[in-house]
Trainee: 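Please read through the structure below; I'll follow up with questions.
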Amino acid sequence: MQGLRGRVYTFGSYRLGVHGPGSDIDTLCIGPKHCDRSRDFFGSLCDKLKALEEQGTVKELAPVPDAHVPVVKFVFEGISIDLLYAQLAIPKIPDDWDINSNLILRNIDEQTIRSLNGCRVTDQMLKLVPDIPTFRLALKFIKLWAETRGVYSNVTGYLGGVNWAILVARICQLYPNASANIVVSRFFRVYSQWRWPNPVMLKEIEDDPMGLQIWDPRKNPRDRGHIMPIITPAYPCMNSSYNVSESTLKVMKEEWTRGDLLCQKSGTSDSLWQELLEPVRFFEMYKNYLQIEVTASCEEDHRLWEGWVHSRLRQLIMRVERFSYGILLAHPWAKEIYNEQEPLKTYYFMGMHKKAQPQGSTGPVSVDLRGAVQDFRLHVFSWPSFKPGMDIMVRHVKQKQLPEWVLAMTPPPPESAPASPEKPIVEETAKEDVQKREREEASAADLENQEAEAPVSKKRKSEGVVPDAPPKDDEDLQVVYGQQNNDDELKPEEIEVGERNGKVSQDRQFAQADLLGYETDELQAPDAPDKGERKRVLIKLNKPLAAASVARQGQ
């Protein structure tokens with residue numbers, strides 16, 4: 001065993017050189033074949049980290065072995081670290097070992113391939129962009145913009161660091177001589193018009209010389225369902241944005257459109273960057289919200305349970321879309337929210353709004369989310385590491401019923417700044433050169449991207465922006481989901497059950513209600529006819545699911 005050692009690499013924002021003071025460090029540990037992931041990495045290594053946690057050197061230790069890419073999260077001396085592990089099929093790591101060689105991918109499992117992909121993709125991006133300093137400066141701004149506007153979270157269904165980096169790198173390829181501010185402007189213009197699901201790629205997909213599965217919708221039926229493919233440049237090429245749903249894609253499209261309109265309105269003035277970075281007023285945007293409460297009995301269980309539920313929230317978004325038959329879309333808030341008075345409780349919020357309906361469809365829309373929420377609860381409660389005391393509650397709340405401490409987080413409206421002469425970011429002489437280069441590059445860049453860009457909508461107004469305001473079409477939206485957030489008065493609710501020709505028994509309806517945790521009583525509807533081919537029956541729900549804490553079955 002003497003002389004055997006592993007390697008440690010960084011990747012992500014730290015390796016790209018776009019990290020900030022609060023950024024975490026993505027780290028990859030590479031070991032030989034006799035160092036097992038389960039026994040050594042999540043076993044003995046985590047035991048040593050737990051010992052350091054007791055000493056106070058390590059904090060917030062959270063191993064996640066069941067993740068798509070297994071990771072150990074912890075804070076070491078105030079620095080957040082995400083540590084991955086790659087178990088190679090060789091007995092010793094040589095000194096001249098090259099992480100970008102395809103030969104290292106022989107005889108390794110998919111988890112190791114995904115873990116190695118982070119470093120390999122980062123190195124490939126730095127090789128493929130024409131101007132690294134411009135790329136870094138533009139990417140820093142886009143990352144800050146995405147965090148401010150609430151669309152920076154891969155786990156919630158938006159985009160993460162590698163996704164935004166690939167998108168910015170593609171714009172740098174299309175405009176190789178542009179300065180950073182021009183790259184940012186073209187970023188919003190191109191992606192506000194991009195025809196998804198056409199993929200974004202930095203280079204052609206490399207054929208599989210080693211037989212590994214690559215992203216190819218022609219061969220893989222599963223890849224055809226990806227609605228926003230952003231393909232990694234390193235072999236094996238993968239879709240890095242598989243978490244994106246229809247709901248989150250719509251939110252990002254609106255943000256790109258807003259950014260493009262602001263760039264057209266303000267050019268490259270100093271006020272543009274302030275307007276782009278204006279915080280989103282999320283808790284004033286919708287009339288209906290889902291409030292997810294995650295609780296546990298102790299701090300350690302709460303940290304683990306919170307991480308698991310957070311990683312599953314995109315499943316709730318997809319269930320909302322599916323159970324509402326595409327009528328309802330969800331706008332998740334990318335960050336968790338804590339209340340100082342409830343230390344063992346974490347909150348997540350989703351804005352609910354109606355999808356644009358075809359012309360001619362009128363009248364109120366009623367959506368029942370009870371099935372979606374119950375299915376989601378059963379999904380998260382199936383976690384193998386579940387412990388007694390862990391629980392999750394989902395409530396439907398109106399905007400006016402949001403807790404006061406949540407509404408207090410809404411930033412104040414922006415003050416109108418006094419008119420001042422615009423100061424271009426680039427000097428006049430440099431500006432003329434940039435404009436000249438743009439005219440020369442426009443024809444080539446537009447020709448290369450014409451198949452991926454959609455025509456500009458005639459309805460867009462250069463003087464307006466997408467407002468952070470409640471959609472008008474949600475005035476007639478009715479979300480049916482248990483009791484709303486009013487613990488002072490939990491009134492039983494009633495749902496209507498139809499019965500055709502008096503022949504269909506309500507036993508099945510009562511059984512469904514009992515399965516969801518309700519106590520049911522049959523009531524006669526006030527307007528139920530004594531005779532006729534159809535009569536209405538109401539079921540009284542004495543224990544609303546939204547206010548009930550349903551324990552995991554079998555515990």
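Since this is a predicted model, take the numbers as computed values, not measurements.
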Trainee: Under a 3.5 Å distance rule, please check whether Ser247 uses its side chain to pair with a backbone N or O of Ala330 as donor and acceptor.
Mentor: yes
Trainee: Do you see a donor-acceptor pair shorter than 3.5 Å between the side chains of Thr346 and His302?
Mentor: yes
Trainee: Mind checking ring pair (Phe, Tyr, Trp, His ring centres under 6.0 Å) for Phe188 and listing every partner two or more places apart, or none if nothing turns up?
Mentor: Trp145
Trainee: For His396 and Asn288, test the side chains for any donor-to-acceptor distance below 3.5 angstrom and give the result as yes or no.
Mentor: yes
Trainee: Check whether Thr232 reaches the backbone of Met238 with its side chain - one donor and one acceptor, N or O, closer than 3.5 Å.
Mentor: yes
Trainee: To the nearest 0.5 angstrom, please state how far the NE2 atom of His353 sits from the OH atom of Tyr286.
Mentor: 4.0 Å
Trainee: Does anything in residues 118-144 form a salt bridge (Lys or Arg N to Asp or Glu O under 4.0 Å)? List the pairs, not counting sequence neighbours.
Mentor: Arg15-Asp123
Trainee: Under a 3.5 Å threshold, yes or no: a donor from one side chain and an acceptor from the other, between Asn163 and Ser241?
Mentor: no
Trainee: What residues, two or more places apart in sequence or in another chain, satisfy ring pair (Phe, Tyr, Trp, His ring centres under 6.0 Å) together with Tyr289?
Mentor: Phe282
Trainee: Nearest 0.5 Å, please: how far is CG in Asn220 from CD1 in Ile214?
Mentor: 8.0 Å
Trainee: Here's one to test your reading of the geometry: is the NZ or CZ of Arg312 within 45 degrees of the ring axis of Trp308 and under 6.0 Å from its centre?
Mentor: yes
Trainee: Checking side-chain polar atoms at under 3.5 Å, does Arg114 have a donor or acceptor matched by the opposite partner on Gln111?
Mentor: no
Trainee: Centroid-to-centroid, Tyr347 to Trp405, below 6.0 Å?
Mentor: yes
Trainee: May I ask you to decide if Leu276's main-chain N or O and Arg149's side chain share a donor-acceptor pair within less than 3.5 Å?
Mentor: no
Trainee: Show your working on side chain to side chain contact (heavy atoms under 4.5 Å, CB included) between Ile142 and Val184 and close with a plain yes or no.
Mentor: CA-CA 7 Å; Ile142 292 300; Val184 170; 4.3 Å; yes
Trainee: Check for a donor-acceptor pair, side chain of Thr248 on one end and backbone N or O of Val244 on the other, with a separation under 3.5 Å.
Mentor: no
Trainee: What residue pairs, at least two apart or across chains, pass salt bridge (Lys or Arg N to Asp or Glu O under 4.0 Å) with a residue in residues 230-247?
Mentor: Glu246-Lys355
Trainee: Is there a side chain to side chain contact (heavy atoms under 4.5 Å, CB included) between Tyr348 and Val294 once you walk through the steps?
Mentor: CA-CA 8 Å; Tyr348 301 95; Val294 181; 3.9 Å; yes
Trainee: Using the benzene-type ring in the case of Trp, are the ring centres of His226 and Tyr242 under 6.0 Å apart?
Mentor: no
Trainee: Compute whether any side-chain donor of one residue and acceptor of the other, for Glu255 and Tyr158, lie under 3.5 angstrom apart.
Mentor: no
Trainee: Hydrogens and angles aside, do Asp223 and Asn239 bring a side-chain donor and acceptor to less than 3.5 Å of each other?
Mentor: no
Trainee: Answer yes or no: is there a side-chain heavy-atom contact under 4.5 Å between Val200 and Ile231?
Mentor: no
Trainee: How long is the straight-line distance from SG of Cys172 back to CG of Leu167, given to the nearest 0.5 Å?
Mentor: 11.0 Å
Trainee: With sequence neighbours left out, which residue pairs that include part of residues 313-332 fulfil the salt bridge (Lys or Arg N to Asp or Glu O under 4.0 Å) condition?
Mentor: Arg319-Asp375, Arg322-Asp375
Trainee: Measure the spacing between CH2 of Trp215 and CD1 of Ile230 and express it to the nearest 0.5 Å.
Mentor: 11.0 Å
Trainee: With Phe11, which residues qualify under ring pair (Phe, Tyr, Trp, His ring centres under 6.0 Å), at least two apart?
Mentor: none
Trainee: Is a salt bridge present between Glu60 and Arg303, judged by a nitrogen-to-oxygen distance below 4.0 Å?
Mentor: no
Trainee: Is Arg281 salt-bridged to Glu284, going by a charged N under 4.0 Å from an acidic O?
Mentor: yes
Trainee: Please tell me whether Phe349 and Phe283 form a close aromatic pair, meaning their ring centres lie under 6.0 Å apart.
Mentor: yes
Trainee: Side chains of Gln399 and Gln401: any donor to acceptor distance under 3.5 Å?
Mentor: no
Trainee: When you measure from the side chain of Ser23 to the backbone N and O of Gly20, does any donor-acceptor pair fall under 3.5 Å?
Mentor: yes
Trainee: Starting at CG of Leu28, measure out to OG of Ser115 and round the result to the nearest 0.5 Å.
Mentor: 6.5 Å
Trainee: Roughly how far, to the nearest 0.5 Å, is NZ of Lys203 from CD of Gln124?
Mentor: 4.0 Å
